[in-house]
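FYI, side chains are in, hydrogens and waters are out, and symmetry mates aren't considered; it's all heavy atoms of this structure. Given the structure is predicted, the values throughout are model-derived calculations rather than measurements. So you know, we letter chains A, B, ... as the sequences are listed, proteins then strands, and number each from 1.
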2 protein chains.
Amino acid sequence: MTLRDVARASGCSVATVSRVLAGTRPVGADTARRVRAAAEKLGYRPNHAARALRGRATGTVGLVLPQITNPFYPALVRELTHALHAEGRAVLLADCDDDPVAEAEYIDDLLARRVDALLVIPADERRSRDAVAAAAAQVPLVLMDRDCGPGVADSVAVDNSAGMALVLGHLAATGRRRVWFVGADGTASTAAERRAAYAAGAAALDEGAAGRIALGDFSVAWGRAAVDLVWEARPDALVCANDLIAVGALQRLRELGADVPGDVAVTGFDDIPMAALAAPGITTVRQPVPELAAEATRLLNHRLAGDDGPQRAVRLAPDLVVRESSAPRSTARGDGQHARAASGRATEVPVPRQVP
Amino acid sequence: MTLRDVARASGCSVATVSRVLAGTRPVGADTARRVRAAAEKLGYRPNHAARALRGRATGTVGLVLPQITNPFYPALVRELTHALHAEGRAVLLADCDDDPVAEAEYIDDLLARRVDALLVIPADERRSRDAVAAAAAQVPLVLMDRDCGPGVADSVAVDNSAGMALVLGHLAATGRRRVWFVGADGTASTAAERRAAYAAGAAALDEGAAGRIALGDFSVAWGRAAVDLVWEARPDALVCANDLIAVGALQRLRELGADVPGDVAVTGFDDIPMAALAAPGITTVRQPVPELAAEATRLLNHRLAGDDGPQRAVRLAPDLVVRESSAPRSTARGDGQHARAASGRATEVPVPRQVP
DNA sequence: ATGCCCGTTGATAACGTTTGCCGAAATGCA
DNA sequence: TGCATTTCGGCAAACGTTATCAACGGGCAT
């Protein structure tokens, strides 16, 4: 099952067989036919290890995640693996369990395994920086979803500001004024970006809205706790920084006997599967997951093809998915109406990009 | 950054360096120290490709999934990758999108990449069989979660019969009699096992219960549809074959104005995150995910160590997690009480195993 | 003192590919 | 026909490891 065997069976040299199979150089038509027939008959499969050793490319991409159990990531992993497999690449998966130290080890291991490139969703904006920067110096690396400080590597993510603007616009249009933001103060860049976008846009709703911010983490438990903190202020809308928070808020509001959306609207971010399945369905910002994956692999391929132009930060426009949790009145069930917002259209900003 | 460099820097031969670093043969104490120092200083990392080529082991395991977006799998993937990484192995991930043809291709690709072993959750009990059997002939292979016909490979899964028995026992104890099973007729082995276990155990509840079976697929949509099918029969409990079905059923029941658990109890299977977060929380059978992963890697390691004993089918005992959806009366919120059911204790049955 | 053994080390041959280089044959052109 | 040029195929050298084999030297027994 090696080139030698195919060479013997087809009566020519290993070099010729290699050329036929790789198509690197023109080869006589009948020779090529004989070789292909022999390879087929013997069921020859090239040895990736040998190829990697000789050619210094493994056909492998490392995918480093903070938490595969975060319900937003499975869909992203799915799209990424499909896109990469379609190009003949395999995906080495590493779940670092939200620990930047483990993350650094995994990145190191993947580099030692000679991945051709890395896709990284950094666990921590600050503490992931060094490991990511070091890795980016060795192989093409694209950051996804979260950022990692300016100038570290190419990155692809949703436009968090645009998403938050969609939410605030929707709430304004449906007459909500006493709005609170339930966010996260963690070190993931998404937390800061969404919070900043809220603060920037909320002033248009109500004088005090920009200041009505409660910060915890991206969890259901925090969503529940946040309701207890802000409930006595009688908000008419809770803008949650992601869907998990929204799910928790919804739970707690139900327990308190609040009417959603009658008394208070609740919105999320990401559009994880649970957002559609909660009762009431959660109005949220849908990340264009397939486009994110496509954009990331496109960027990776450019780099692998030798493009060493300036770093890029691609931001994709999200959709607003309106469901019952923010309806003005009771609405028929369904997957909601999507605010057409040029979904998935890419905006590319130079690095360092200015957050307006 | 190769052995040659380390050899030069430490003033000895590549052979010696290799021996020091691999620890395959005793080496003089001071030589070893010099070598280690040099390796450290130069930041030497062994080249996995070369090692794989020479030693015919890549330190890599392939993980083939039917659907990473199925909410039960992320937790399993997490545990598996952690366990394997802890042993110094890397994980090649393949998501075949529930398509046995794609699955066969992925398996083929992983074999061509010379994975040391495979972990497979087969997409289809029948149509995955050939590809899995062929792969199992080449490398150690452990089936997980779902089976693939008798005698194909080692397998690790939850004891579906025991889980269903826990559910039925709980419903019996809380006085439910007009029970319906909402299951799946798909080709995943779990569908058949759970259905058979229900049919076997339901007779103890009520004369007709064993026959009250509605079959669709493992989806939220089917759960909703099933309620419309069985609702006029006024069931007092719906035993759903997995949590997604239960979520759908719960949604539809709420829309119909039914009181859960007052009018009707609903139970699920798997204990996906959504089960705890639904309102009311869903009583379900918790799969011992960490134990499943540990058992699978243990089996794999045995095979990799050369054990060629008879095939094994490990079945782990699940827990019952009682939540509000099956409470006799209204209950305080919480994560439910767990019926202690010797969770995770392994039962090993010879293959082919008899389903009683 | 000679021979032997053991502990340590080095040289070297693989592993399966790709590729630069060269020779041979075939073709084009004069 | 002779020479230049192209086309095609083979040889052999890498890529970085590990394993085999032999060599070398010192200690020990005879």
Side-chain angles (χ1 to χ4, degrees), chain A residues 1-39 42-60 88-90 109-116 138-139, chain B residues 1-39 42-60 88 90 109 111-116 138-139:
Chain A
M1 59 296 277
T2 98
L3 275 190
R4 288 175 61 102
D5 302 319
V6 179
R8 236 191 308 268
S10 61
C12 58
S13 74
V14 274
T16 305
V17 176
S18 170
R19 288 196 268 257
V20 170
L21 267 37
T24 46
R25 284 230 295 208
V27 147
D30 48 344
T31 317
R33 212 166 3 220
R34 279 207 322 276
V35 167
R36 257 185 273 273
L42 298 181
Y44 168 77
R45 311 290 313 243
N47 183 320
H48 276 73
R51 192 175 282 191
L53 179 56
R54 175 60 225 240
R56 51 219 324 100
T58 55
T60 284
R89 292 189 223 284
D109 179 61
L110 291 170
L111 289 176
R113 291 192 129 88
R114 304 297 199 275
V115 291
D116 295 340
Q138 298 195 42
V139 294
Chain B
M1 57 298 277
T2 98
L3 277 190
R4 289 175 60 104
D5 303 320
V6 180
R8 236 192 308 268
S10 62
C12 57
S13 74
V14 275
T16 305
V17 177
S18 171
R19 288 194 271 256
V20 171
L21 268 37
T24 46
R25 288 232 288 202
V27 148
D30 49 345
T31 317
R33 211 167 2 228
R34 278 206 323 276
V35 167
R36 257 185 273 273
L42 298 180
Y44 167 79
R45 309 292 315 243
N47 183 320
H48 277 72
R51 192 175 281 192
L53 179 56
R54 177 61 225 241
R56 53 222 316 102
T58 54
T60 283
D109 180 59
L111 289 177
R113 292 191 128 90
R114 304 295 201 276
V115 291
D116 294 340
Q138 298 195 43
V139 294

Next item on the list: Map G28(B) and L3(A) onto DNA chain C by nearest heavy atom, then report which one ends up closer to the 5' terminus.
Entry: G28(B)
Notebook entry, point to check: Atom CG of N47(A) and atom P of dT17(D): how far apart are they, to the nearest Å?
Noted result: 17 Å
Note to self: I need the CZ-P distance between R114(B) and dG16(C), as an integer number of Å.
What the structure shows: 8 Å
Notebook entry, point to check: Starting at the 5' end of DNA chain D, which residue's closest nucleotide do you reach first, T24(B) or A50(B)?
Noted result: A50(B)
Item checked: 5'-most by nearest nucleotide on DNA chain D - A15(A) or P26(A) -> P26(A)
Check: So, do V20(A) and T31(A) sit near enough that their side-chain heavy atoms are less than 4.5 Å apart?
Finding: no
Notebook entry, point to check: So do the side chains of R113(A) and T60(B) get within less than 4.5 Å of each other, counting heavy atoms only?
Noted result: yes
Next item on the list: Would you tell me if any nitrogen or oxygen in the side chain of T31(B) comes within less than 4.0 Å of OP1 or OP2 on dT8(C)?
Entry: no
Check: Is the distance from OP1 or OP2 of dG9(D) to the nearest side-chain N or O of R19(A) less than 4.0 Å?
Finding: no
Notebook entry, point to check: Atom CZ of R33(B) and atom P of dT9(C): how far apart are they, to the nearest Å?
Noted result: 12 Å
Check: Can a side chain N or O of T2(A) be found less than 4.0 Å away from OP1 or OP2 on dG16(C)?
Finding: no
Note to self: Less than 4.5 Å apart, side chain to side chain, heavy atoms only: is that true for N47(B) and R114(A)?
What the structure shows: yes
Check: Considering only heavy atoms and no angle criterion, is a donor-acceptor pair shorter than 3.5 Å present between the side chain of R54(B) and the base of dA19(D)?
Finding: no
Note to self: Rounded to whole Å, how long is the line connecting atom CG of L21(B) with atom C1' of dG16(D)?
What the structure shows: 13 Å
Margin query: If I take atom NE2 in residue H48(A) and atom C1' in nucleotide dC15(D), what distance separates them, rounded to the nearest angstrom?
Written below: 17 Å
Next item on the list: Examine dT18(C): is either OP1 or OP2 under 4.0 Å from a nitrogen or oxygen in the side chain of S18(A)? Give yes or no.
Entry: yes
Check: What's the CZ-C1' distance between R34(A) and dG9(D), to the nearest Å?
Finding: 11 Å
Next item on the list: Starting from P on dT7(D), measure out to CG on D30(A) and report it in whole angstrom.
Entry: 16 Å
Next item on the list: Give the rounded distance in Å between these two atoms: CG of L53(A) and C1' of dT18(C).
Entry: 11 Å
Item checked: Y44(A) or T16(B), whichever maps to the more 5' nucleotide of DNA chain C -> T16(B)
Checklist line | L21(B) vs P46(B) side-chain heavy atoms within contact, under 4.5 Å | finding: no
Notebook entry, point to check: Taking side chain as C-beta onward, heavy atoms only, is L3(A) less than 4.5 Å from Y44(A)?
Noted result: yes
Next item on the list: Report yes if a side-chain nitrogen or oxygen of R25(A) is closer than 4.0 Å to either non-bridging phosphate oxygen (OP1 or OP2) of dC8(D); otherwise report no.
Entry: no
